[in-house]
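Atom set for the values below is all heavy atoms of this structure, side chains included, hydrogens, waters and symmetry mates excluded.
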Amino acid sequence: MRDMMSYRYHPFNEIVELEGGLFQLNMGPQHPISGQGRFIVITDGEIVYSIEMDIGYSHRGIEKILEYRNLMQGIVPIERMVMLDTSNIAMGYVLAVEKLYGVDVPPRAQYIRTIIMELNRIISHLYALGLYSESAGWNPAIFLWTTADREPILDILEMITGARWSYSFFIPGGVRADLPRGVKERILTTLDYLENRIRVYEDSWIYNETFRMRTEGMGVLPRSKAIEWGAAGPNLRVSGVPYDTRKNEPYAAYDELDFKIVTHTAGDSYYRGWARVEEIKVSIDIIRQAIENIPEGRIRVALPPKPVQEEALARVETGRGELNVYMYTEGRDKPYRVKISPPSFRNFYVIEQLPKIQTIRLADVPPLIYSFDPWFLDADR
Amino acid sequence: MSNGQEIRIKEGLLEKLPGPIKKLFNWGKSYSIWPIHYVTGCCSPEYMQLFGPRYDLERWGVLPMASARQSDAIIFVGNVTRKMMLRALRLYEQMPEPRYVVVVGACASSKGPFPESYSLVRVKDYMPVDIYIAGCPPKPEAQAYGLLKLREMILKGEK
Amino acid sequence: MKPEELEKILKEKFGENIFSTKIPENKRLFIKINGDIVEDFATFLKENGFDMPITMGATDFLKQKRIEIFYAIWSSTHDFVVFFKYDVPRDNPVIKSLVKIWSGVQKFERETWELMGVDIEGHPNLKPLLLPEDWDYEKEGYPLRKDFNVNRYMSPWGDEKQ
């Protein structure tokens, strides 16, 4: 084991010439379109032979820090894991604690949680579409349009919780405060505005002939390989596996609402972009149903003094895939071990294995990588 | 690489010019601060909203530049790890003078909500800092206020 | 197939090598097994339709002098999760890699090697993933272990040097 520890990457290779006419190129680590990470690409100028990931530039050590915080204080580090999708990740931690203590959360709190999580999912998908279009060459129109469309949604969230990005609103046992007066009309006007904008994105981008020619048939992920390599999120659903945590293992108020899952069998980059636009439409539908049928009642409940189980595994659906939180406790106020398994960590393995089963050209590498929607902050924790 | 040593700025031709010409140069420098594309941590969504259509920062002359050799400022948005600081020092040394360092957020100033982390560092241990902007994350109005304060500092000649 | 039926089949086939099982709620099966039969157990699960790995990790029990390794596998045909774990002695932790059975655990095993210090045999690509390149394993230790000293890294107040 000691001799394996002495192997290191040399950090500052610019372009290295290997034998056989091959080159090794670096994409990153300053700014590979977004985030911090390095893709090491070995190519001969036209065809790519291997893509390798170098991550760890945003590693904060959240799993170790959660062992020093008690159950209420643990919300603050965990929601800063990825700022664009906070509610879904905080829901994973809160759900694991509620499974350990056997708490029955009141229904009004579940509906409020569902509304906030679906609003965050729209924000996350808008950002993913902006990056995907920027890497395929539509620079910077769609990215700035989606940045502008996030503003009305952030205004609603500021009205409910008091902050734009870091809410600390979900706690084990319920939510922190009730909905204010006037928020229902505000939400309905914003949803009408968003439906018009989605129509503009579809006409000018998704159903555009140039975009279809660029991305259709590129980077096809077959169904058996998607299961064996462990893909997550819309990448898995578009390859023919109809798994969505909101339908298979319902949490919050999802078992009382009526919605459909977006699936397809093609598995190429074009349909991965198409699936995200369709999921925004599904989210708008869910928010409309939830805001009409919200019940009255309490919004939070106290935790019992002792836990009922020793360990629990919670799964929630974030914008990029499903997040798994495993928690082990010994009965004290701080958890003994928390293991967070993010979806982007699994998607990076799929990107590394794709050049082995297909021919990929050098100019197709950015749209291929960003069609999987990988975030470096998510994978590094 | 400088690990805790002081980085000294050499006195060039600009310091020896007479008063009014120096004021003209300062006016020109302050109205076009070009930072590097350098987005590190979870304060980055607010940074992107800052360059969006609602809080538009380009009307004050701030344009993000991709190459380090043609930029004026480096803005650390969010947490910086030990692995990334090695590369950030290389970027800082590639920038020509005059150059400015702005630190945004609680994580880059003093590790923020992760004080027991084994892989985060503080920026001030590695390079001299001009402006600190506090918040977790700071609102776009607060970040714009910080950049305007940098502009005032350049106009008065304190930098 | 339901989790209860799978529990019966596993107890018939492996007998004494299964130490305990638990079904706390819908769609979860927690099993603790003997560390010697891990490869046969994993092959048997794969033949019965458990094909997608979702997580893998390790827990450090300092007072009981053991490290516990866990795997979680989901089945696309039966639609529930099997979570199995086994013990390794803490003084010399060496485990066998399951990359030939489920290909997707490769990155998780690399992370466990680096942060917990567990040696893995048969892994094709064992290189550091998340920690910086100049991390000294003998002086600074492995971060996720319980005897790792965190006070060295606490940020000082104000203008003090670290």
Under a 4.5 Å heavy-atom cut-off, does chain C meet the side chain of A:Tyr336, its backbone, both or neither?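 For A:Tyr336, backbone and side chain are both near chain C.
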
Portion of A:Arg315 that has a non-hydrogen atom of chain C nearer than 4.5 angstrom: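 Backbone plus side chain of A:Arg315, per the 4.5 Å heavy-atom cut-off to chain C.
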
If you count every heavy atom of other residues, nucleotides or ligands that lies below 6.0 Å from [X] atom [atom1], does the total exceed 12?
| X | atom1 | result |
| --- | --- | --- |
| A:Asp333 | CG | yes |
| C:Glu4 | CD | yes |
| C:Lys146 | NZ | yes |

Check: A:Asn70 side chain, A:Gln73 main-chain N or O, donor-acceptor pair, under 3.5 Å: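 A pair under 3.5 Å: yes.
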
Classify the angle between the aromatic ring planes of C:Tyr153 and C:Trp135 as parallel (below 30°), tilted (30 to 60°) or perpendicular (above 60°).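 Parallel.
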
Is chain A contacted by the side chain of C:Val94, its backbone, both, or neither, given a heavy-atom distance below 4.5 Å?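 When you check distances to chain A, no heavy atom of C:Val94 falls under 4.5 Å.
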
Can you tell me which portion of C:Phe80 sits under 4.5 Å from chain A's heavy atoms? Options are side chain, backbone, both or neither.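 The answer is neither part of C:Phe80.
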
Under a plain distance cut-off of 3.5 Å, with no hydrogens placed, do C:Glu68 and C:Thr59 share a side-chain donor-acceptor pair?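 The answer is no; no qualifying pair exists.
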
C:Asn17-C:Asn34 side chain donor-acceptor pair, cut-off 3.5 Å: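 Present: a donor and an acceptor within the cut-off.
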
Part of residues 230-238 of chain A lying next to chain C, heavy-atom separation under 4.5 Å: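 At a heavy-atom separation under 4.5 Å, chain C is reached by A:Gly230, A:Ala231, A:Leu236.
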
For chain C, which residues from residues 61-68 of chain A have at least one heavy atom closer than 4.5 Å to it?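 Expected list: A:Glu63, A:Lys64, A:Glu67, A:Tyr68.
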
Who wins among C:Ala58, C:Pro53, C:Gly57 for the most heavy-atom pairs under 4.5 Å with chain A?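 Looking at each of C:Ala58, C:Pro53, C:Gly57 in turn, C:Ala58 comes out on top.
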
Quick one: do A:Arg346 and A:Glu322 make a salt bridge, cutoff under 4.0 Å?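 Looking at A:Glu322 together with A:Arg346, the answer is yes, because their closest N to O distance falls below 4.0 Å.
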
